[in-house]
Q: 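The structure is given below, and queries will be raised subsequently.
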Amino acid sequence: MPPKDKGPKINDAISATSVRLIDADGEMVGVTSLDEAIRKAEEAGLDLVEVSPEANPPVCKILDYGKFKYEQQKKAAEARKKQKTVDVKEVKIRPTTEDHDYQVKLKNARRFLEKGDKVKVSMRFRGREMAHQDVGMEMMLRLKADLADLGGPEMEPKMEGRQMLMIISADAKAKD
């Protein structure tokens with residue numbers, strides 16, 4: 001017998017006095033007493049499973065509980081397999097990044113966005129570069145404009161300590 005909080009109630013664990021019964025072929029039998037329903041399930045060599053406990057009276061079905069549980073696990077596994085996890089990929093640039101290196105970083109960011117991932121663009125400022133944050137902001141805005149066809153900023157460029165951050169996602173483009 002399954003634990004009380006996991007899965008549907010079966011056979012003697014069902015507490016209702018009368019139930020709406022569905023037989024092994026999927027035919028609606030109607031409202032019967034719990035004892036009658038359990039007797040019919042035993043005659044068929046199957047289990048009585050409470051499929052809809054919220055209904056009044058609860059709906060119970062005569063079926064093979066082991067097979068039912070296996071099919072539920074298969075459905076859950078199939079649903080998990082179809083889920084797409086969104087990763088956050090990072091592209092690091094510097095305020096002094098030259099054009100060719102910028103193009104390489106841009107190509108990587110494009111590839112990440114096409115795969116459906118988010119892109120975190122981080123720019124680290126060192127020493128005297130802190131005095132030229134405007135140069136970094138220009139580069140961030142240029143990157144944002146170059147990626148505008150694939151996605152938009154989820155987080156606009158902003159300074160956090162010595163680092164400027166921006167997050168771009170394909171989802172943000174749809175929101176605009």
Side-chain angles (χ1 to χ4, degrees), residues 1-10 13 22 26 47 49-56 58-61 63-176:
M1 210 179 327
K4 291 189 188 319
D5 60 333
K6 288 265 187 172
K9 294 179 182 175
I10 63 168
I22 300 172
D47 299 305
V49 180
E50 190 176 46
V51 290
S52 181
E54 308 85 33
N56 191 10
V59 179
C60 294
K61 194 170 185 179
L63 47 81
D64 182 353
Y65 183 69
K67 187 176 179 182
F68 173 72
K69 200 165 181 187
Y70 172 73
E71 286 173 357
Q72 278 188 327
Q73 285 175 340
K74 272 182 71 171
K75 282 180 189 172
E78 191 67 31
R80 276 194 305 274
K81 195 163 60 169
K82 289 182 180 174
Q83 278 183 338
K84 167 75 172 103
T85 57
V86 176
D87 295 330
V88 178
K89 303 286 188 170
E90 187 169 12
V91 174
K92 294 183 179 183
I93 57 176
R94 308 246 318 128
T96 57
T97 301
E98 292 297 324
D99 192 52
H100 181 265
D101 295 330
Y102 172 83
Q103 294 301 326
V104 170
K105 303 286 185 180
L106 177 66
K107 189 173 109 185
N108 288 337
R110 282 186 165 285
R111 191 178 73 234
F112 298 148
L113 286 171
E114 285 166 357
K115 278 192 206 168
D117 296 326
K118 293 180 181 182
V119 178
K120 175 182 174 184
V121 183
S122 62
M123 181 179 297
R124 168 96 23 153
F125 291 92
R126 289 193 190 140
R128 292 182 187 162
E129 292 173 349
M130 281 299 287
H132 301 286
Q133 291 177 15
D134 55 327
V135 174
M137 183 59 82
E138 284 174 22
M139 190 172 284
M140 285 286 207
L141 294 175
R142 176 181 165 200
L143 190 66
K144 180 173 118 178
D146 289 344
L147 294 172
D149 59 323
L150 292 174
E154 190 171 286
M155 184 179 92
E156 291 288 341
K158 69 174 185 179
M159 286 298 293
E160 288 184 5
R162 292 190 153 273
Q163 200 165 259
M164 187 179 288
L165 298 173
M166 173 173 66
I167 298 177
I168 297 175
S169 72
D171 303 346
K173 181 184 178 200
K175 292 176 190 171
D176 288 343

Q: Locate the shortest heavy-atom distance separating Val119 from Ala109; write the atom from each residue and the value.
A: CG2-O, 3.7 Å
Q: How long is the gap from OG1 on Thr97 to CZ on Arg94, to the nearest 0.5 Å?
A: 7.0 Å
Q: Mark yes or no for whether Lys144, through its side chain, and Gly152, through its backbone, hold a donor-acceptor pair below 3.5 Å.
A: no
Q: From Leu165 CG over to Glu156 CD, what is the distance, rounded to the nearest 0.5 angstrom?
A: 13.0 Å
Q: Just to verify, what does Asp47 make a salt bridge (Lys or Arg N to Asp or Glu O under 4.0 Å) with, not counting sequence neighbours?
A: none
Q: Which value, rounded to the nearest 0.5 Å, describes the distance between Ile10 atom CD1 and Leu63 atom CG?
A: 9.5 Å
Q: How close do Arg162 and Gly127 get, heavy atom to heavy atom, and via which atoms?
A: NH1-N, 3.7 Å
Q: Restricting to non-hydrogen atoms, name the atom on Leu113 and the atom on Ile168 that form the minimum distance, rounded to 0.1 Å.
A: CD2-O, 3.7 Å
Q: What is the minimum heavy-atom distance between Phe125 and Met164, and which atoms define it?
A: CE1-CB, 3.8 Å
Q: Mark yes when over 12 heavy atoms from residues, nucleotides or ligands other than Arg124 sit less than 6.0 Å from its CZ; otherwise mark no.
A: no
Q: Kindly determine whether Arg110 and Asp149 satisfy side chain to side chain contact (heavy atoms under 4.5 Å, CB included), including the steps that lead there.
A: CA-CA 10 Å; Arg110 282 186 165 285; Asp149 59 323; 3.2 Å; yes
Q: Run the side chain to side chain contact (heavy atoms under 4.5 Å, CB included) test against Asp99 and tell me which residues pass, sequence neighbours left out.
A: Tyr102, Gln103, Arg142
Q: Given 3.5 Å as the limit, does a donor-acceptor pair link the side chain of Gln163 with the main chain of Glu160, or not?
A: no
